[in-house]
Amino acid sequence: MKKQSFNQTVPVRIVRPFSVSIMAQAAMIAALYVVLTFIANAFGLANHTIQVRISEALTILPYFTPAAVPGLLIGCLISNILTGCILPDIIFGSLATLAGALGTYAFRRWKWLAPVPPILANILVVPLILIYGYGFLIDGASVTYCYLFYVLTVGAGEIISCGILGMGLLFTLEKYAGRIFPKSVS
């Protein structure tokens with residue numbers, strides 16, 4: 001092997017944060033999130049006590065690419081608007097998805113932690129939206145009891161969506177990650 005001297009330059013590949021490739025990935029992720037949300041709504045999966053929003057499985061995508069962060073935010077925002085959510089749900093539900101996506105990106109070194117940030121973000125925020133935004137209170141129960149009940153039910157749905165479906169997606173995509181999500185864009 002040839003030694004490198006201090007005056008030689010080392011070629012560096014630059015990742016451009018706003019490249020066409022990154023924006024296209026973000027747009028595709030946003031569109032896929034919207035489509036999967038509509039599929040879940042069509043089958044009534046997101047309308048019961050335990051809501052399973054299939055699109056939440058995509059929250060593991062920041063493990064592979066930073067383009068998933070804006071893609072998930074935009075996809076969730078559009079989904080919440082088009083499915084008729086109220087303004088607090090549109091704003092804070094989308095911010096919870098953003099927080100989960102940023103957390104997944106931050107923990108991308110630890111594969112098994114990929115679904116944890118979106119699960120935590122949603123179980124902390126969505127019960128507040130259900131109680132204070134939609135006024136979903138259980139007759140005769142305190143707000144604290146309602147919050148804890150919704151933490152359990154939202155948590156169960158998020159574990160199914162992010163934990164089970166999301167990790168299944170992660171392991172499937174991991175085989176093709178180099179082709180689908182290139183490490184650098186020139």
Side-chain angles (χ1 to χ4, degrees), residues 26 29-30 32-34 36-41 43-170:
I29 291 167
L32 190 57
Y33 191 100
V34 172
L36 290 175
T37 299
F38 273 95
I39 290 171
N41 283 350
F43 287 103
L45 296 173
N47 301 330
H48 299 290
T49 303
I50 296 177
Q51 301 175 7
V52 179
R53 200 179 222 192
I54 299 168
S55 51
E56 284 292 301
L58 300 177
T59 58
I60 58 90
L61 291 178
Y63 173 81
F64 297 106
T65 178
V69 175
L72 291 168
L73 172 64
I74 293 166
C76 184
L77 189 65
I78 292 170
S79 294
N80 287 347
I81 291 168
L82 295 179
T83 57
C85 294
I86 61 171
L87 189 59
D89 196 357
I90 293 168
I91 294 168
F92 295 109
S94 300
L95 289 175
T97 297
L98 174 63
L102 288 170
T104 299
Y105 183 74
F107 292 143
R108 67 189 176 279
R109 290 187 181 112
W110 302 284
K111 179 190 324 185
W112 291 100
L113 291 180
V116 173
I119 291 170
L120 289 178
N122 282 297
I123 67 171
L124 293 174
V125 174
V126 173
L128 295 171
I129 295 168
L130 294 173
I131 293 169
Y132 295 110
Y134 290 102
F136 291 166
L137 294 169
I138 301 166
D139 290 336
S142 68
V143 172
T144 304
Y145 175 82
C146 292
Y147 181 79
L148 293 175
F149 175 75
Y150 291 132
V151 163
L152 291 175
T153 60
V154 169
E158 288 296 314
I159 288 170
I160 293 167
S161 298
C162 301
I164 296 170
L165 297 176
M167 287 305 286
L169 180 63
L170 186 144

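The first residue in the sequence is number 1, and the count goes up from there. Fair warning: this is a prediction, and the values are worked out from it, not measured in the lab.
- For the residue pair Thr65 and Ile29, the shortest heavy atom distance occurs at CG2-CD1, 4.5 Å.
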- Item | side-chain contact (heavy atoms from CB on, under 4.5 Å) between Leu128 and Phe92, intermediate numbers included | CA-CA 9 Å; Leu128 295 171; Phe92 295 109; over 6 Å; no
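- Listed here is the closest heavy atom pair of Cys85 and Ile90: O-CD1, 3.4 Å.
- Within 6.0 Å of the OH atom in Tyr134, the count of heavy atoms belonging to other residues, nucleotides or ligands exceeds 12.
- Separating the CD1 atom in Ile50 from the CG atom in Leu45 is a distance of 12.0 Å, to the nearest 0.5 Å.
- Pro117 and Gly103 get closest at one heavy-atom pair: CG-C, 3.4 Å.
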- Message: Show, in sequence, the C-alpha distance, side-chain angles and deciding distance for Leu95 and Val125, and conclude whether the side-chain contact (heavy atoms from CB on, under 4.5 Å) test is met.
- Response: CA-CA 9 Å; Leu95 289 175; Val125 174; over 6 Å; no
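- Using a 4.5 Å heavy-atom threshold, the side chains of Phe43 and Ile54 count as separate.
- Once rounded to the nearest 0.5 Å, the distance linking CD of Glu158 with OG1 of Thr153 reads 10.5 Å.
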- Trace of the side-chain contact (heavy atoms from CB on, under 4.5 Å) decision for Phe107 with Val116: CA-CA 9 Å; Phe107 292 143; Val116 173; 6.0 Å; no
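- Separating the CG atom in Leu169 from the OG atom in Ser161 is a distance of 12.0 Å, to the nearest 0.5 Å.
- For the atom pair Gln51 CD and Asn41 CG, the distance stands at 9.0 Å (nearest 0.5 Å).
- Residues Leu170 and Phe64 form a side-chain contact, since some pair of their non-hydrogen atoms from C-beta on lies under 4.5 Å apart.
- Note that the CZ atom of Arg53 and the CG atom of Asn122 stand 9.0 Å from one another [nearest 0.5 Å].
- Contact detail for Gly75 and Val34: the closest heavy-atom pair is O-CG2, 3.6 Å.
- Side-chain contact between Leu73 and Ser94 is present, with at least one heavy-atom pair separated by less than 4.5 Å.
- Not a single donor-acceptor pair under 3.5 Å links the side chain of Tyr145 to the backbone N or O of Ile138.
- Heavy atoms only, all atoms of each residue included: Glu56 and Cys162 are closest at O-SG, 3.5 Å.
- Residue Tyr147 places its OH atom among more than 12 non-hydrogen atoms of other residues, nucleotides or ligands, all under 6.0 Å distant.
- Residues Leu72 and Tyr33 have side chains in contact (heavy-atom distance under 4.5 Å, counting atoms from C-beta outward).
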- Message: Walk me through whether Leu82 and Thr37 qualify under side-chain contact (heavy atoms from CB on, under 4.5 Å).
- Response: CA-CA 10 Å; Leu82 295 179; Thr37 299; over 6 Å; no
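- Residues Leu98 and Leu102 are in side-chain contact: their nearest non-hydrogen atoms beyond the backbone lie under 4.5 Å apart.
- Taking each heavy atom of Met167 and Trp112 in turn, the nearest pair found is CE-CE3, 3.6 Å.
- Between the side chain of Thr104 and the main chain of Ala114, a donor-acceptor pair closer than 3.5 Å is present.
- Taken from OG1 in Thr97 to CG in Leu77, the straight-line distance is 10.0 Å, to the nearest 0.5 Å.
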